[in-house]
Structure formats: structure tokens, C-alpha cells
Student: 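Below is one structure. I have some questions about it.
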Amino acid sequence: MQIRTGDTFDPRVVALLDHHVTAARAQTAPGSAHALDLAGLRAGDVAFWTGWDGETLVATGALKALSVDHGEVKSMHTLQSARRRGFGGQMLRHIIAEARRRDIKRLSLETGSWDYFKPAHALYHGHGFVPCAPFQGYVEDRNSLFLTLDLTGPAATR
């Protein structure tokens with residue numbers, strides 16, 4: 001997979017992001033969906049990438065700066081027909097590497113707690129993320145799972 005800076009004006013990217021937000025919101029209780037829309041992905045504190053298998057868009061991911069040393073994983077999505085081929089893991093490793101390059105010490109995320117999100121839970125746990133309390137304006141919500149990765153400790157050497 002080739003990872004490129006995401007073009008939020010590319011119709012293929014817009015379509016995949018629209019599907020991601022629509023599907024996630026359909027699986028999440030009202031008021032518990034926190035996916036970034038296109039405007040959010042275009043914000044100055046967000047770096048956004050797309051993953052391509054040849055000319056086919058297969059994945060998206062973003063890194064939002066919460067502070068100088070804390071970042072948030074956002075907009076992780078893999079095209080349904082491309083799942084279980086390692087693209088999500090490649091995108092997540094790219095985001096982790098970029099966070100380290102930016103000297104971020106802690107990388108956190110919020111995802112749904114429902115069965116629909118179990119593959120995402122496995123991906124994040126497999127890369128060393130552990131449960132944490134809500135962060136940066138999030139509140140405790142039984143529909144959300146909060147995870148974090150310490151980029152300064154022993155797990156940071158992966």
C-alpha cells in the first residue's frame with residue numbers, strides 16, 4: 001500500500017469518508033459518534049493520509065494534534081473489500097511513526113464499544129494501545145472505548 005497525503009477534494013476520498021462516517025454513525029448511539037467530517041479533516045491541527053493499492057483507495061487515517069506532546073488517531077477506515085489484508089495496520093503504523101517524528105509522547109483514540117468495532121479494537125490492542133479515561137473534552141460514555149499508547153515507554157520500541 002502506498003500512503004499519500006490525503007486530498008479531501010478527491011471524489012474517491014470524499015466517497016470513502018462519507019461511507020465511513022455514515023456506517024460508523026449507523027452503528028453508534030445518537031450523540032456518541034465522534035468521526036471528523038471533511039471540514040474537520042481540513043483543519044490545521046490535523047494531518048490526513050490515504051492508502052492506495054495501485055489506483056484503488058483502500059484506507060484512510062489521520063493524526064490530530066491535541067497538544068505539543070499528545071495526539072489523537074482519527075478517521076481510521078479500510079475499504080470493506082480490502083479488509084484483512086493488512087492495510088489498516090499499515091496505516092496505523094504510519095500514524096504512530098508520524099507521531100514519533102513529531103515528538104508526540106502519547107497517542108490516544110476514541111472508538112465505538114459495540115460489536116461492529118471489535119476488529120478495530122483488535123487492531124489497536126495489537127499495536128499496544130491500552131484502555132484509558134476519556135481525554136481532551138470527551139466524557140465517559142458506555143458507547144465509547146478510549147485507548148492510549150505511551151510512545152516513551154518500552155512499547156515505543158516496537
Side-chain angles (χ1 to χ4, degrees), residues 6 8 13-51 57-100 102 104-156 158:
T8 57
V13 174
V14 171
L16 185 59
L17 289 169
D18 181 57
H19 170 76
H20 165 62
V21 170
T22 301
R25 288 189 176 153
Q27 295 294 326
T28 305
S32 295
H34 304 287
L36 289 179
D37 59 12
L38 285 170
L41 288 171
R42 292 174 181 147
D45 61 349
V46 175
F48 173 64
W49 298 279
T50 52
L57 173 63
V58 294
T60 63
L63 172 62
K64 180 177 181 178
L66 301 178
S67 70
V68 295
D69 63 354
H70 188 194
E72 182 179 7
V73 176
K74 298 294 288 184
S75 301
M76 282 287 299
H77 184 75
T78 303
L79 182 69
Q80 181 70 38
S81 63
R83 292 185 182 170
R84 304 196 55 77
R85 293 176 44 200
F87 296 134
Q90 283 182 263
M91 182 62 74
L92 184 57
R93 286 188 296 279
H94 176 81
I95 292 169
I96 292 168
E98 182 62 22
R100 285 189 181 118
R102 294 176 183 210
I104 290 174
K105 308 292 186 226
R106 179 176 166 214
L107 194 55
S108 301
L109 63 92
E110 178 278 338
T111 190
S113 63
W114 303 59
D115 286 347
Y116 173 83
F117 298 97
K118 285 198 183 291
H121 301 169
L123 173 69
Y124 298 131
H125 290 302
H127 284 80
F129 284 81
V130 296
C132 68
F135 56 92
Q136 196 68 26
Y138 289 107
V139 296
E140 194 66 46
D141 180 350
R142 65 185 179 95
N143 300 308
S144 290
L145 176 66
F146 301 98
L147 301 171
T148 196
L149 178 65
D150 179 356
L151 296 177
T152 65
R158 290 178 181 219

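Sequence positions, counted from 1, serve as the residue numbers for this chain. Predicted model, so just to flag it, every value in this text is computed and none were measured.
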Student: Quick one: salt bridge (Lys or Arg N to Asp or Glu O under 4.0 Å) pairs with a partner in residues 34-49, sequence neighbours left out?
Tutor: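 Matches after skipping sequence neighbours: none remain.
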
Student: Mind checking side-chain contact (heavy atoms from CB on, under 4.5 Å) for D18 and listing every partner two or more places apart, or none if nothing turns up?
Tutor: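 D18 satisfies side-chain contact (heavy atoms from CB on, under 4.5 Å) with T22 once adjacent residues are dropped.
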
Student: Which salt bridge (Lys or Arg N to Asp or Glu O under 4.0 Å) pairs, counting each pair once, include a residue from residues 75-90, with sequence neighbours left out?
Tutor: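 Non-adjacent pairs meeting salt bridge (Lys or Arg N to Asp or Glu O under 4.0 Å): D53-R85.
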
Student: Nearest 0.5 Å, please: how far is OG1 in T152 from CZ in R100?
Tutor: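 OG1 of T152 is found 10.5 Å from CZ of R100.
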
Student: Going by salt bridge (Lys or Arg N to Asp or Glu O under 4.0 Å), name the pairs with one or both residues in residues 114-135, residues two or more places apart or in two chains.
Tutor: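 Residue pairs passing salt bridge (Lys or Arg N to Asp or Glu O under 4.0 Å), neighbours aside: D115-K118.
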
Student: Sequence neighbours excluded, which residues qualify as salt bridge (charged side-chain N to carboxylate O under 4.0 Å, His left out) partners of K64?
Tutor: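 Counting only residues at least two positions away or on another chain, K64 forms no salt bridge (charged side-chain N to carboxylate O under 4.0 Å, His left out).
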
Student: Apply the test side-chain contact (heavy atoms from CB on, under 4.5 Å) to residues T111 and M76: give CA-CA distance (whole Å), side-chain angles for both, the deciding distance (0.1 Å), then the verdict.
Tutor: CA-CA 10 Å; T111 190; M76 282 287 299; over 6 Å; no

Student: Among residues at least two apart in sequence or on other chains, which ones pass side-chain hydrogen bond (donor to acceptor under 3.5 Å, both in side chains) with S75?
Tutor: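 Partners of S75 by the side-chain hydrogen bond (donor to acceptor under 3.5 Å, both in side chains) criterion come out as none, since no residue qualifies.
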
Student: Keeping H121 on the side-chain end and G112 on the backbone end, is there a donor-acceptor pair under 3.5 Å?
Tutor: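 Side chain of H121 to backbone of G112, a donor-acceptor pair under 3.5 Å: yes, one is there.
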
Student: Name all residues meeting the side-chain contact (heavy atoms from CB on, under 4.5 Å) criterion together with E98; count only those two or more places apart in sequence or in a different chain, and write none if there are none.
Tutor: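 Checked E98 against side-chain contact (heavy atoms from CB on, under 4.5 Å); matches are W49, L63, R101, R102.
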
Student: Using the test side-chain hydrogen bond (donor to acceptor under 3.5 Å, both in side chains), find all partners of S113 that sit at least two apart in sequence or belong to another chain.
Tutor: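 In terms of side-chain hydrogen bond (donor to acceptor under 3.5 Å, both in side chains), with neighbours along the sequence ignored, S113 is linked to no residue.
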
Student: Measuring from atom NE2 of H127 to atom CG of L92, what distance do you get when rounded to the nearest 0.5 angstrom?
Tutor: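 Answer rounded to 0.5 Å: 5.0 Å.
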
Student: Which residues pass the side-chain contact (heavy atoms from CB on, under 4.5 Å) test with P119, not counting sequence neighbours?
Tutor: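 Testing P119 for side-chain contact (heavy atoms from CB on, under 4.5 Å), a comparison that skips the adjacent residues, returns none.
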
Student: Using a 4.5 Å cut-off on heavy atoms from C-beta on, say whether the side chain of P131 contacts that of L147.
Tutor: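 Touching, per the 4.5 Å side-chain cut-off.
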
Student: Answer whether the closest heavy-atom distance between the side chains of V130 and T148 falls below 4.5 Å.
Tutor: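 Result yes, sub-4.5 Å side-chain heavy-atom pair found.
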
Student: What's the spacing between L107 CG and H70 NE2 if we round to 0.5 Å?
Tutor: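 Rounded to the nearest 0.5 Å, the CG-NE2 separation comes out at 7.5 Å.
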
Student: Taking only residues two or more places apart in sequence or in another chain, which ones pass ring pair (Phe, Tyr, Trp, His ring centres under 6.0 Å) with F87?
Tutor: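 Partners of F87 under the ring pair (Phe, Tyr, Trp, His ring centres under 6.0 Å) test: none.
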
Student: For L57 and L79, what are the C-alpha separation, side-chain angles and deciding distance, and is it a side-chain contact (heavy atoms from CB on, under 4.5 Å)?
Tutor: CA-CA 8 Å; L57 173 63; L79 182 69; over 6 Å; no

Student: I need the minimum non-hydrogen distance between L66 and Q136, along with the two atoms involved.
Tutor: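 The answer is CD2-CG, 3.6 Å.
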
Student: Begin from the C-alpha positions of F129 and V73 and carry the test side-chain contact (heavy atoms from CB on, under 4.5 Å) through to its verdict.
Tutor: CA-CA 11 Å; F129 284 81; V73 176; 4.2 Å; yes

Student: I need the minimum non-hydrogen distance between L151 and A99, along with the two atoms involved.
Tutor: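 Minimum heavy-atom separation between L151 and A99: CD1-CB, 3.8 Å.
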
Student: Return the set of residues passing ring pair (Phe, Tyr, Trp, His ring centres under 6.0 Å) with F48 (not counting sequence neighbours), or none when no residue passes.
Tutor: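 By the ring pair (Phe, Tyr, Trp, His ring centres under 6.0 Å) rule, F48 matches no residue at all.
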
Student: Measuring from atom CD of E110 to atom CG of N143, what distance do you get when rounded to the nearest 0.5 angstrom?
Tutor: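 With rounding to 0.5 Å, CD (E110) is 9.5 Å from CG (N143).
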
Student: Can you name the side-chain hydrogen bond (donor to acceptor under 3.5 Å, both in side chains) partners of S67, sequence neighbours left out?
Tutor: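 S67 satisfies side-chain hydrogen bond (donor to acceptor under 3.5 Å, both in side chains) with D69 once adjacent residues are dropped.
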
Student: Hey, what do you get for CD (E72) to CZ (F135), rounding to the nearest 0.5 Å?
Tutor: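 Between atom CD of E72 and atom CZ of F135 there are 4.0 Å.
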
Student: From K74 NZ over to L41 CG, what is the distance, rounded to the nearest 0.5 angstrom?
Tutor: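 Going from NZ on K74 over to CG on L41, the span is 9.0 Å.
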
